[in-house]
Amino acid sequence: MTAEYKVQGDVAVISMNNPPVNGLGYATRLGIVDGLNKASADAKVKAIVITGLGKAFSGGADIHEFGTPKALQQPNLLAVIDTIEHSAKPVIAAIHSVAMGGGLELALGCHYRIAAPGAQIALPEVKLGLLPGAGGTQRLPRVLGVENALNMIVSGQAVKSEMLAMAPRQKLFDKLAKSADSLMEEAIELAQKAAADHAKGGALPLVRNLPCKHPQNDAYFEFARNTVEATAKNYPAPLKCVDAVAAAATKKFEDGLATERQLFGQLMLTPESAALRHVFFAQRAASKIPDVGSDVKPRDVKRVAVIGAGTMGGGISMNFLSAGIPVTMLEVKQEALDHGVGIMRKNYEARVKKGKLKQDKYDACMALLKTTLSYDDLKDCDMVIEAVFENMDVKQAVFKKLDEVMKPGAILATNTSTLDVNQIAAVTKRPQDVVGTHFFSPANVMKLLEVVRADKTAKDVLATIMVLAKKIKKTAVVARVCDGFIGNRMVEQYVRQGGFLVDEGATPEQVDKAIEKFGFAMGPFRMGDLAGNDIGWAIRKRRAQEHPGMKYSGTADLLCEMGRFGQKTGAGWYDYQPGQRKPVPSKVVLDMIDKYRKDQGVTPRKISSEEIVGRLVYSLVNEGARILEEGIANKASDIDMVYLMGYGFPVWRGGPMHYADQVGLFNVAQAMNRFAQNPRDDAKFWQPAPLLAKLAADGKTFN
Ligand code: 3HC
Ligand code: NAI
């Protein structure tokens, strides 16, 4: 049992003790009920306080248990709350740090609640594709009012306890403690007072008995449904949250609870919830590197240097400045520095204008920036990130210089997107301090950071980057050295398939629309136009030398030969009106594709959206499987995080590897075998990766 029981005078204290966040797993639920039973049987005990040890009151139901028999094992959370409500002695929740999901529902079942200031209060189930399933949708509206409660339930956002305590007519908290330190003392006083009042014969207050109604019930819920429907799109949970709260406002408590239970059960079985729960764990797992344990101490990074003030250098610097970490930026020429700083200012000022950043915070960020043309000024930096031109000779020259000037123990990072980090490390006398930090453009916005672990990168360097990534609000995923690392190596196959589909009869627009309907933020052709088609052109030229047999559609090269590099040249796979980003199908491009097909002797065929989506998504899956078996990625969920955070894969589908697991790897492998029969495609590529074939044969999954 993971709850402690102690008696202090005439008050029993039940403390949940299930680190890290007192998830309400089976053993904890059992421990709470056991404590309640002991308190009930002890004549000395007049009142009961429930609290949580460690860093949370409770983070809610134990998500690890979902889908396992333990989740259903009695006492479930509803039964625990029922036991509290039936207690003849007053039960007080003493809330601190975090009360979320089932944790808040547990507190709402108590007769009284006291909260420490600063506690984060939330019903975040919607973020897992669920709704609160232990009375939260029925009780929260009764203590906060329908509108406030619905906002919290549909958004899942946490609100500070002191804010909620100030809400007019709120009945969520009976008291706000003076401080977290005095919480238990004040909770025990409250318990003793409740016991004294109760001894006089008063009934114990229950949230379920409070009224719940909106003054304009029908009109309000119609408005809420319309608003939520417009934004929720592919996520079923938010609308069900509205339904459940509407039930609270229109039905008897028990009937509302039954509605909530039914909707919770339905949502638990949706693929969207499975995907979101996968993402929750994948995000946390990404920061864990199998052979870098918690005993590895990160290095101290107080000041960062950035080499190059171009597109990436500026964005990278902004990340650190925004996190309060001073940056020294170095360039070859003053004009380049001025230009780079000007763009950073423009980006910050746009945020100030939109009200997303306060002027004083912007000023504080810029005050942390130093610029220089001299390597001598980098001596006091604990880490340097190089973001100069993508050229091995230039990068090696920079690293030789850094090796001379940086202090011992400083981390030397490169933002290269394609080059071999081992070769960069090799020119220094300290390859153990060299690592790849591959930011995505725009670097101040994109959440993904690929951390490239070179052969000699030290474990504490990796540990440091993982800590820093959290500070600058990035999701860091570790990759080993290979061409394209995880993300770009996979995207190359996806783009290649886009080309084959067009060769065979699809239009760029048809391909983009099909994959965007699947949920991608952008199809491969719109993505090419945004990133610049010349980047892929350069890669293909390199490939032609390195892997002469590699098969590509010829249309992308023809497009570049026409100077159609994308939005930056006003024309790419699509036409663009001056100053606009809306893609307009281009007759010139369609004619070029037509001619190419004729030259290749291809009779165009009609291609279904299903085939387009299958070939694009499974190309990611097959390359992902190879990346996994080669040890480039540590785990399948890391590949999912790369695609969700860096490439616009739909979150509600959980990433390519999770999606393949859901489809079933046997079905995925069968589809690949079918694609391999297509003479216009690359049969060798479509051989299911050995790992995929084995998992499919064994009926297993990636994750
Ligand atoms: N169940 C199980 N484990 C949980 C958990 C939960 N509800 N919440 C967090 N954890 C685990 C994480 O997996 C992580 O484990 P790890 O160290 O092994 O990776 C650890 O706790 C720490 O989590 P974070 O890194 O997120 O720590 P933070 O301090 O940054 O944040 C938190 C703590 C605010 C509690 C955050 O973890 C969080 O938002 N958790 C999810 C809360 C949630 O969604 N609760 C609702 C659950 S569903 C429910 O209650 C159903 C009910 O209505 C019936
Ligand atoms: P950029 O061309 O915009 O900026 C490079 C800057 O480096 C220029 O300002 C240049 O003056 C400066 N520079 C060149 N040589 C230098 C030297 N020896 N010392 C100091 N400064 C020097 O290039 P961008 O796009 O910022 O790319 C930088 C790096 O980031 C490259 O390795 C690139 O592959 C990588 N990258 C780029 C992404 C992108 O989308 N642009 C995405 C991810 C990585």
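Each residue takes its place number in the sequence, starting with 1. When a ligand or atom number is given, it counts from 1 through the structure's own listing order.
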Distances under 3.5 Å, N/O of ligand 2 against N/O of the protein: list each pair and its distance.
unit_1, atom_1, unit_2, atom_2, d
ligand 2, 3 (O), Thr311, N, 3.0
ligand 2, 3 (O), Thr311, OG1, 3.0
ligand 2, 9 (O), Glu331, OE2, 2.5
ligand 2, 11 (O), Glu331, OE1, 2.8
ligand 2, 11 (O), Glu331, OE2, 3.2
ligand 2, 26 (O), Thr311, N, 3.3
ligand 2, 26 (O), Met312, N, 2.7
ligand 2, 30 (O), Asn415, ND2, 2.9
ligand 2, 32 (O), Val388, O, 3.4
ligand 2, 32 (O), Glu390, OE1, 2.5
ligand 2, 32 (O), Lys395, NZ, 2.6
ligand 2, 34 (O), Glu390, OE1, 2.8
ligand 2, 34 (O), Ser417, OG, 2.9

message: Using a 4.0 Å cutoff against the non-hydrogen atoms of Phe66, which atoms of ligand 1 qualify?
response: 48 (S)

task: Could you tell me if any non-hydrogen atom of Lys288 lies under 4.0 Å from any atom of ligand 1?
output: yes

- line: If you compare Arg277, His64, Arg261, Glu65 by their heavy atoms, the one closest to atom 3 (N) of ligand 1 turns out to be His64

- prompt: Counting heavy atoms only, which of Leu24, Leu77, Val21 is nearest atom 9 (C) of ligand 1?
  reply: Val21

message: Please tell me whether Arg581 and Gln567 have a donor and an acceptor in their side chains that are separated by less than 3.5 angstrom.
response: yes

message: Protein non-hydrogen atoms only, distance under 4.0 Å: does atom 32 (C) of ligand 1 have such a neighbour?
response: no

field: Cationic tip of Arg284 above Phe280 ring, under 6.0 Å, 45° of axis
entry: yes

field: Sub-4.0 Å protein heavy atom near atom 48 (S) of ligand 1
entry: yes

field: Ring-ring centroid check Phe440 His438, cutoff 6.0 Å
entry: yes

- request: Run down the list Gly23, Ala56, Ala61 and name the one with the heavy atom closest to atom 6 (C) of ligand 1.
  value: Ala61

message: Within the supplied structure, the quantity of interest is the number of heavy atoms (other residues, nucleotides, ligands) at a distance under 6.0 Å from Lys160 NZ; does it exceed 12?
response: no

- prompt: Can you find a side-chain donor-acceptor pair between Glu492 and Asn488 that sits under 3.5 Å?
  reply: no

- request: With rounding to the nearest 0.5 Å, note down the distance linking CZ in Arg480 to CG in Asn422.
  value: 9.0 Å

field: Option whose closest heavy atom lies nearest to atom 27 (O) of ligand 1, chosen from Lys127, Lys55, Glu260
entry: Lys55

Separation between CG of Leu78 and CD of Glu260, rounded to the nearest 0.5 Å: 7.5 Å

message: If we ignore hydrogens and angles and just use 3.5 Å, is the side chain of Asn22 paired with the main-chain N or O of Gly52 as donor and acceptor?
response: no

- line: The atoms of ligand 1 lying under 4.0 Å from a heavy atom of Glu105, numbered in the order shown, are 52 (C), 53 (O), 54 (C)

- prompt: Which atoms of ligand 1 have any heavy atom of Gly101 under 4.0 Å away?
  reply: 46 (C), 50 (O)

